[in-house]
Protein chains: 2
Amino acid sequence: MDLTFSIDRGSPVPLYFQLSQQLEAAIEHGELLPGTLLGNEIDLAGRLGLSRPTVRQAIQVLVDKGLLVRRRGVGTQVVHSRVRRPLELSSLYDDLESAGQRPATRVLSIEETEAPAEVAAALGLAEGTPVRRVERLRLTHGEDPIARLRNYLPLDLLTLTHADLEATGLYRLMRAAGTTLHSARQSIGAKAATATEAAALAEEPGAPLLTMQRTAFDDTGRAVEYGTHLYRASRYAFELQLLIRP
Amino acid sequence: MDLTFSIDRGSPVPLYFQLSQQLEAAIEHGELLPGTLLGNEIDLAGRLGLSRPTVRQAIQVLVDKGLLVRRRGVGTQVVHSRVRRPLELSSLYDDLESAGQRPATRVLSIEETEAPAEVAAALGLAEGTPVRRVERLRLTHGEDPIARLRNYLPLDLLTLTHADLEATGLYRLMRAAGTTLHSARQSIGAKAATATEAAALAEEPGAPLLTMQRTAFDDTGRAVEYGTHLYRASRYAFELQLLIRP
DNA sequence: GAGTGGTCTAGACCACAGG
DNA sequence: CTGTGGTCTAGACCACTCC
């Protein structure tokens, strides 16, 4: 533990966050190897000119990320590799964010419709309430289709254009419109492709498809998006990492 | 906010945890309705005879669970319904824990084999290292099969018997043997059933199956279990809730 | 301007792990 | 026994939101 961390008290970045970022970088770059003890919190605080609660807060951030483990009477250790680069919300970020980079997006339609029962229930609206429906195709570099994405949104949240959606991704647009996504609930299943679905996705009828339904909630717990998506099983899988609460 | 919380300083339960539990119960029972402001932290601390950091710690627990939202300059609010009862790690708990309750388990085999490449890579062992392989069938009340579960474990972790596995579930057994699960990494996909798989699961060949591969890690980041499982898409879906980090 | 959460300090005592 | 993290206190100043 002869690493040096530098804390800049003039920065607007919180001290605990400066420290946690530098710790994370050191772990990521292999300067802190798996199993390494971090040294006790009080010494660390003294060396950095911080108080112990501030150091604890920094460490807690990485414990929450699964990079460090605390053991009472022992110390704080770097976790034994592999639990890295979480890909955290692969599905959600890949679907909603996707800044028009790797996978291309083709917008099939943007329409105002009356919410079917399933959608109304998910969004907490009355059946038949007008909502916006967006259908998109996700493609690999303009070639093979990967997924058909169908999203429903309340009308008052934002306005959508084909150009925006093909350039920027739904998530960024919602964020720009002032909506902060906070949590989401997903259900992942599988089914055999119907003839229509197969045609849209360049598969054979009966081919296995992954299905995903998601409801996303903002800050206040309001449902701001419901999506029901289809993925070609031959081209896509959901990666996810989870921490287990004791 | 005329609720009364009682803090017992004689209890071994941490004060912040006593408070967070009572808050959670109040929310769960509808005594604190969605949207309710909690009242500022300093007053709350004063009323309870606690310090502000302790109250903050209690609130933070519920923020992490997605039950409360903090807004600077505004206050702390109860989230607008629906984001409740997370089903948190449905897949993992359902698969590993399963105290022999709802879904029945039939143990097909427990064998010592040499780790194939895929398993060795996941567990961080050399290819060909001896490992324990467990195959189980998950059934609804002894009738229809739901899933075929295949797990690989290092030999030194614990010993397994058919009786134990049908009664208690792998997760509990590992815990009893001193292993604390800490995090897991999963991949969820889909495929068409082969003839063999179809026969085991009472499906037609070609029927869609959900596939899941999982590597579970303990405290120290050591890989302690690798599983590759098949679920009948007609009977099973993964439910999961995730929080989004800003 | 008033009120809120966000951050930070400098201490303290306790519970648990290990030799 | 010593050393560790776990909890807790009583303050302080700041940044933000809303009126």
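In the text below, chain A, chain B and the rest are named by the order of the sequence lines, each starting its count at 1.
- Within a heavy-atom distance below 4.0 Å of DNA chain C, the residues of residues 13-23 of chain A found are A:P14, A:L15, A:Y16.
- A donor and an acceptor atom, one from each side chain of A:T105 and A:R136, are nowhere located under 3.5 Å apart.
- With sequence neighbours excluded, the residues satisfying side-chain hydrogen bond (donor to acceptor under 3.5 Å, both in side chains) with A:S187 are B:E239.
- Within 4.0 Å (heavy atoms only), B:R56 reaches at least one base atom of the nucleic acid.
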Return the polar atom pairs (N/O with N/O) between nucleotides 16-19 of chain C and the protein under 3.5 Å, or none.
from   : atom 1 : to    : atom 2 : distance (Å)
C:dA17 : O4'    : A:R72 : O      : 3.4

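- To the nearest 0.5 Å, atoms CG (B:L44) and CG (B:L23) are separated by 7.0 Å.
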Acceptor/donor pairs from residues 49-62 of chain A side chains to any protein atom, 3.5 angstrom cut, sequence neighbours excluded:
from  : atom 1 : to    : atom 2 : distance (Å)
A:S51 : OG     : A:T54 : OG1    : 3.1
A:R52 : NE     : A:E41 : OE1    : 3.0
A:R52 : NH2    : A:E41 : OE1    : 3.1
A:R56 : NH1    : A:E41 : OE1    : 3.3
A:R56 : NH1    : A:E41 : OE2    : 3.3
A:Q60 : OE1    : A:R70 : NH2    : 2.7
A:Q60 : NE2    : A:D64 : OD1    : 3.0

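- At the heavy-atom level, A:R52 lies under 4.0 Å from base atoms of the strands shown.
- The side chain to side chain donor-acceptor pair (under 3.5 Å) pairs that include a residue from residues 118-133 of chain A are A:E111-A:R133, A:E118-A:Y226, where partners are two or more places apart or lie in different chains.
- One finds a side-chain N or O of B:T76 lying less than 4.0 angstrom from the OP1 or OP2 phosphate oxygen of C:dG5.
- The residue from B:R150, B:R185, B:R214 that alone fulfils the salt bridge (Lys or Arg N to Asp or Glu O under 4.0 Å) condition with B:E225 is B:R214.
- A salt bridge links A:E24 with A:K65; the closest basic N to acidic carboxylate O contact falls under 4.0 Å.
- The bend of the helix from C:dG1-D:dC18 to C:dG18-D:dC1, defined by the angle between the axes of its first five and last five pairs, stands at 20° to the nearest 10°.
- Here the range on DNA chain D touched by chain A, meaning any atom under 4.0 Å from one of its heavy atoms, is D:dG3 to D:dT7.
- Evaluation of the side chain to side chain contact (heavy atoms under 4.5 Å, CB included) rule for B:R71 yields A:D219, A:T220, B:V74, B:Q77 as partners, not counting sequence neighbours.
- Residues passing the side chain to side chain contact (heavy atoms under 4.5 Å, CB included) test with B:A115, sequence neighbours excluded: B:V119, B:A120, B:V131.
- The side chain to side chain contact (heavy atoms under 4.5 Å, CB included) test applied to B:S11 returns B:D8, B:V13, B:Q18, not counting sequence neighbours.
- Residues forming a side-chain hydrogen bond (donor to acceptor under 3.5 Å, both in side chains) with B:Y152 (at least two apart in sequence, or on another chain): none.
- Considering all non-hydrogen atoms of both residues, A:I27 and A:L68 come closest at CD1-CD2, 3.8 Å.
- Residues forming a side-chain hydrogen bond (donor to acceptor under 3.5 Å, both in side chains) with B:T161 (at least two apart in sequence, or on another chain): B:D164.
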